[in-house]
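For reference, the structure discussed in these notes is given below.
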Amino acid sequence: MAIRSFLILFILFFFSSLNPILSLYEDQVGLVDWHQQYLGKVKQAVFHTHKTGRKRVVVSTEENVVASLDLRQGEIFWRHVLGSNDVIDGIDIALGKYVITLSSGGSILRAWNLPDGQMVWESSLRGPKHSKSLLLLPTNLKIEKDNVVIIFSNGHLNAVSCIDGEVLWEKDFEGESLEVQQVIQPPGSNLIYVVGFASSSLFEMYQINALNGELLKHESAAFSGGFLGEVSPVFRETVVALDSTGLILLTISFQNGKISFQQTPISNLVKDSFGPAKIIPSSVTGIFAIKINAVTIVIRVTDENKLEVVEKTNHETSISDALSISEGQQAFALVQHASHEIHLRVKLAHNWDDNLLKESVKMDQHRGLVHKVYINNYIRTDKSYGFRALIVMEDHSLLLLQQGEIVWSREDGLASIIDVTTSELPVERDGVSVAKVEHNLFEWLKGHMLKLKGTLMLANPQDIAAIQSMRLKNSEKSKMTRDHNGFRKLLIVLTRAGKLFALHTGDGHIVWSHLLQSLQKSKVCQHPIGLNLYKWQVPHHHAMDENPSVLVIGKCGPSSDAPGALSFVDTYTGKELSSLSLLHSVAQVIPLPYTDSTEQRLHLLIDADKHAHLYPKTPEAISIFEREFSNIYWYSVEDDNGIIKGHALRGKCTGEVADEVCFDTRELWSIVFPSESEKIIATVTRKLTECHVVNGGYGRWVVHTQAKVIADQEVMYKYISRNLLFVATVALKGSGEIGSVTPEESWLVAYLIDTVTGRILHRVTHHGSQGPVHAVFSENWVVYHYFNLKAHRYEMSVIEIYDQSRADNKDVWKLVLGKHNLNSPISLYSRPDVITKSQSYFFTHSVKAIAVTSTTKGITSKQLLIGTIGDQVLALDKRFLDPRRTVNPTQAEKEEGIIPLTDSLPIIPQSYVTHALRVEGLRGIITVPAKLESTTLVFAHGVDLFFTQLAPSRTYDSLTDDFNYALLLITIVALVAAIFVTWTLSERKELQDNWR
């Protein structure tokens with residue numbers, strides 16, 4: 001009896017110590033997740049280096065971010081992401097304490113507090129006429145003691161107070177057919193010049209009183225040769241421009257209100273010039289530059305408006321804006337790229353022959369060319385001028401140069417990821433020494449003793465810090481080899497700059513980066529564009545000998561018939577194995593479910609002329625492809641025309657495009673949506689990662705079971721097909737913004753289409769609804785999000801599709817005994833007997849992206865990962881979107897896990913995968929299965945990056961990293977000791993009883 005009581009007490013104590021924890025402790029942050037903040041490619045920068053306060057630089061970027069950076073380390077003091085529709089047109093610093101930003105096409109002017117980034121005021125400058133947006137912060141110009149900022153936007157010139165954002169005066173240019181090029185305010189003057197073109201050959205100048213906006217003078221002059229591009233100011237009342245041919249430089253003077261043109265053929269300046277020129281924008285007094293093909297020419301304008309060439313170079317050259325270093329003196333920087341170095345020179349605007357600074361800095365070739373440079377000066381200890389330069393590179397990275405060295409760098413190209421895939425890490429090969437085992441054993445014992453102290457609340461702050469440090473150290477999450485749980489992987493990301501990065505899932509550090517040659521600007525390709533990433537070679541049988549590789553697909557130009565470009569990159573080293581410049585375009589890429597003997601995956605590239613091209617171009621690949629020739633189908637979507645088409649192969653190409661790997665195609669079917677009533681706004685199919693390629697051919701879908709046992713012990717069979725397509729259309733009037741139409745004028749239609757036959761398997765109409773639509777397709781269900789105009793709320797709907805042709809197998813015992821027809825072949829050409837179940841629910845948030853968790857075997861329950869309008873990721877159990885939910889579920893349905901029906905989906909604060917963090921500018925959510933069935937890896941990207949591990953059904957197949965092994969060991973020892981003691985006492989008592 002004593003033994004039993006003692007055992008019960010210990011068992012209760014043991015299990016009470018293993019209560020599941022649903023929250024995240026402070027010392028667990030960063031163990032399985034990481035968050036990185038970026039800015040994007042910098043397009044404007046303003047330094048603030050006053051003696052008082054922190055030295056910083058304020059930047060605006062192409063991702064519509066305004067931020068303040070520490071000049072010492074490049075860290076972010078503060079930043080604001082304004083959104084995709086709020087493009088930043090200009091920034092400056094006013095009164096030494098306000099950051100002024102102009103955005104939304106010149107419609108919104110804001111002031112931010114420089115130290116902390118809090119918004120001080122906001123003004124709206126909207127107007128009916130769209131025009132170029134210009135921001136000018138005059139020096140020493142005050143209107144009634146107010147410092148002002150001059151804004152030209154939407155056909156209006158405005159003077160706005162820097163203190164409160166009040167518009168002090170406004171000059172209307174709406175009635176003028178003027179395309180404004182520059183707004184010039186000469187220093188120390190109360191005049192403002194507005195110059196531009198009224199037509200292709202008419203130059204106009206407006207002279208305005210800066211104190212009240214009064215028009216003082218208006219002059220215009222015609223030039224028969226016409227104008228090309230922008231103008232560049234060189235003096236207070238002089239600008240330069242190009243004629244319409246780009247072969248003649250025009251020096252345009254408007255002194256004393258009179259406009260005069262002086263023509264200088266470029267051939268007079270540069271004897272061997274050829275081709276049209278382009279002016280490089282600059283604000284340096286008396287200096288400007290032009291570019292002719294790859295040649296950069298720096299030109300000085302004399303006081304008599306004569307032009308002199310001061311430098312000509314074949315190296316890529318960037319010129320900074322003017323920096324005022326003293327009264328009447330301006331400095332500027334030139335940066336030239338040569339091989340593995342960049343050469344930085346700082347000169348005075350009026351003295352070209354001397355250099356204030358001349359430095360050479362070694363530069364990683366994978367950063368590309370210098371795109372922009374901004375300079376700032378400081379006073380050295382010897383009272384001389386020192387300079388620092390902020391450099392924007394071709395790969396969108398940001399660097400600070402000072403004293404011939406790179407002080408810091410930021411990889412801000414990661415703010416513009418366009419595609420993501422994953423790669424396994426190398427297999428660990430080296431053994432472990434005995435000394436390392438002994439050291440690890442000591443560390444293990446030390447760690448668990450500290451954990452025990454923490455469990456018994458005996459740990460001091462130093463012990464707690466040591467526990468967290470040991471967790472990070474012992475997790476081995478940054479190790480460059482595979483782990484048995486599959487948590488350590490490489491995230492291969494392609495950025496808009498054409499650069500490929502490999503990020504380690506352990507802590508997000510960059511393993512390697514490579515700026516692809518095929519996606520760099522060249523004479524052959526002036527406008528390269530990266531498109532997609534695909535897994536090219538994934539060694540399984542040769543994992544010890546072969547490295548995996550990825551295929552990067554791009555094209556040369558924005559047009560649909562632009563020639564394509566391919567790059568093959570080793571994912572372990574980042575080395576570009578090879579690259580191809582294609583003769584054909586790339587309109588569609590189809591990864592085929594076949595691999596060759598080297599485990600390279602076959603890909604089919606469809607060009608704009610509907611020809612199919614096979615890669616790799618090897619005899620073995622062609623042989624495999626020809627065997628499966630009749631089994632290859634695909635579809636194409638023409639959004640603008642409202643047409644979906646199905647395609648198959650017909651035979652080898654004929655004519656001029658004839659090639660061993662070129663094939664003609666044929667159209668099998670087409671679905672034409674009536675253009676007057678429906679417009680395609682979304683198409684979604686199942687992810688390729690839901691199917692494993694096995695033995696070089698078709699693999700299995702990651703679905704644990706096709707059968708679903710419902711509450712009454714009957715069986716429903718999921719309709720699992722790789723060829724299902726979800727299509728959402730909306731009424732033509734309802735294709736605009738939310739609320740632009742009445743509920744009666746808009747409807748949303750959802751379709752499920754078989755892409756082999758073109759058969760519509762299901763169609764449902766949501767009356768009074770509108771897009772945008774975000775959807776995700778997995779297994780036999782699709783979930784989509786849209787707006788309900790009648791209810792003035794967002795909704796999420798679910799459709800599940802089941803196979804009725806398996807209706808004879810409704811008995812569970814038939815499944816158990818194997819008496820079923822699940823293995824019988826299915827042809828998509830026979831009309832499928834399917835039924836659907838659907839349901840709709842209100843949802844609180846607007847949505848940016850939707851994804852679904854994926855696991856290795858498909859056993860773990862699914863969760864939807866919803867990217868909210870607040871740039872957070874919410875995990876929502878798929879059971880909440882079960883179409884079989886009812887208000888009062890039966891007892892059998894409750895046992896099955898059916899949740900009672902409510903009209904809205906719950907938002908549980910603890911379900912945010914990103915915790916309290918935000919993934920600013922969220923664009924995509926990627927899920928990758930780990931080897932551990934319970935766990936999925938989640939990667940969210942936008943301007944920021946976020947990664948974490950998620951266990952939708954808890955970690956039922958492993959112990960957590962913080963499991964207290966020491967407490968378990970002590971418990972077992974105590975139980976054994978207790979059993980021995982009680983057994984001894986029991987034997988002694990029994991002996992005494994026998995002697996009586």
Side-chain angles (χ1 to χ4, degrees), residues 420 635-639 642 644 671 673 678-691 701 703 718-731 734-735 738 746-755 760-789 793-801 834 836-854 862-869 873-883 905 922-927 938 940:
V420 183
Y635 68 93
S636 61
V637 180
E638 300 176 15
D639 294 339
I644 301 177
I671 298 175
F673 297 95
E678 290 186 59
K679 177 180 175 60
I680 299 173
I681 57 171
T683 57
V684 175
T685 187
R686 293 179 62 175
K687 293 194 303 180
L688 290 173
T689 52
E690 286 198 13
C691 180
W701 288 102
V703 178
K718 302 173 185 177
Y719 185 78
I720 306 295
S721 172
R722 60 173 53 83
N723 302 304
L724 272 183
L725 172 68
F726 169 80
V727 180
T729 66
V730 72
S735 58
I738 291 176
S746 183
W747 56 86
L748 187 144
V749 187
Y751 298 86
L752 290 179
I753 300 173
D754 188 307
T755 58
I760 296 175
L761 302 181
H762 180 69
R763 179 182 185 273
V764 61
T765 303
H766 301 275
H767 293 284
S769 296
Q770 195 178 6
V773 170
H774 297 275
V776 63
F777 207 140
S778 180
E779 294 189 357
N780 68 318
W781 54 265
V782 61
V783 171
Y784 51 103
H785 176 277
Y786 55 93
F787 189 76
N788 187 325
L789 291 166
R793 297 174 71 178
Y794 288 100
E795 275 188 3
M796 291 184 77
S797 292
V798 58
I799 300 173
E800 292 186 357
I801 182 167
V834 297
T836 58
K837 293 183 178 295
S838 60
Q839 184 63 273
S840 297
Y841 306 90
F842 291 124
F843 188 67
T844 306
H845 294 298
S846 174
V847 166
K848 287 188 171 183
I850 302 181
V852 63
T853 57
S854 56
K862 301 281 188 179
Q863 280 188 340
L864 292 172
L865 300 176
I866 302 170
T868 67
I869 193 66
V873 180
L874 174 71
L876 183 66
D877 198 315
K878 169 60 175 62
R879 292 186 303 156
F880 287 111
L881 284 150
D882 191 330
L905 295 171
L922 179 65
R923 284 189 292 267
I925 303 170
I926 311 299
T927 61
V938 180

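Tyr841 and Phe880 make their closest contact through CZ-O, 3.6 Å (heavy atoms, listed as atom of the first residue, atom of the second, distance). When all heavy atoms of Val873 and Ala940 are compared, the pair lying nearest together is CG2-CB, 4.1 Å. The heavy-atom pair separating Ser840 from Ser797 by the smallest distance is OG-OG, 2.6 Å. Contact detail for Ser746 and Gly734: the closest heavy-atom pair is OG-CA, 3.6 Å. Nearest heavy atoms, Ser735 versus Lys679: CB-CD, 3.7 Å. Closest approach of Ile925 and Gly867 over heavy atoms only: CD1-N, 3.6 Å.
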Passes side-chain contact (heavy atoms from CB on, under 4.5 Å), Val782 versus Val684? Steps please. CA-CA 9 Å; Val782 61; Val684 175; 5.6 Å; no
Under the side-chain contact (heavy atoms from CB on, under 4.5 Å) criterion, do Glu678 and Val730 qualify, and how do the steps go? CA-CA 5 Å; Glu678 290 186 59; Val730 72; over 6 Å; no
So Ile799 and Tyr784, side-chain contact (heavy atoms from CB on, under 4.5 Å) or not? Walk me through it. CA-CA 9 Å; Ile799 300 173; Tyr784 51 103; 3.8 Å; yes
For a side-chain contact (heavy atoms from CB on, under 4.5 Å) check, start with the C-alpha distance between Lys878 and Val852, then their side-chain angles and the critical distance, and finish with the verdict. CA-CA 9 Å; Lys878 169 60 175 62; Val852 63; over 6 Å; no
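In this structure, NE2 on His762 lies 15.0 Å from CG on Asp754, to the nearest 0.5 angstrom. Rounding to the nearest 0.5 Å gives a distance of 14.0 Å between CZ of Arg763 and CG of Leu761. One distance of note links CG of Asp882 with CD of Glu800; it measures 5.5 Å at 0.5 Å rounding. Trp781 contributes atom CH2, which lies 13.0 Å from atom CG of Leu752 (distance to the nearest 0.5 angstrom). Here the straight-line distance linking atom CD1 of Ile720 with atom CD1 of Ile801 works out to 10.0 Å at 0.5 Å rounding. Note that the CG atom of Leu876 and the CG atom of Leu905 stand 5.5 Å from one another [nearest 0.5 Å].
Using the six-membered ring where Trp is involved, Tyr786 and His766 have ring planes that are tilted, between 30° and 60° apart. Ring-plane geometry between His785 and Phe843 is classed as perpendicular, the angle between the planes exceeding 60 degrees on a 0 to 90 degree scale with a lower cut at 30.
Checked by atom type and distance alone, the side chain of Ser769 never pairs as donor or acceptor with a backbone atom of Leu748 at under 3.5 Å. Side-chain atoms of His845 never come within 3.5 Å of backbone atoms of Thr868 as a donor-acceptor pair (strictly under, hydrogens ignored). Of the possible donor and acceptor atoms, none in the side chain of Gln770 sits under 3.5 Å from a partner among the backbone N and O of Phe787. A donor-acceptor pair under 3.5 Å links the side-chain atoms of Thr685 to the main chain of Leu724, judged by distance alone.
No side-chain heavy atom of Val847 sits under 4.5 Å from any side-chain heavy atom of Met796. Contact annotation: the side chain of Thr765 approaches that of His767 to within less than 4.5 Å [non-hydrogen atoms, C-beta and beyond]. Side-chain contact between Ile738 and Pro772: present, with at least one pair of heavy atoms (C-beta onward) separated by less than 4.5 Å.
Side chains of Tyr719 and Thr836: no donor on one and acceptor on the other come within 3.5 Å. For Thr927 and Lys687, the side-chain atoms include at least one donor-acceptor pair closer than 3.5 Å.
By the ring-ring contact (aromatic ring centres under 6.0 Å, His included) test, Phe673 pairs with Tyr751, sequence neighbours left out.
Each of Lys718, Arg686, Arg722 was checked for a salt bridge (Lys or Arg N to Asp or Glu O under 4.0 Å) with Glu779, and the lone residue meeting it is Lys718.
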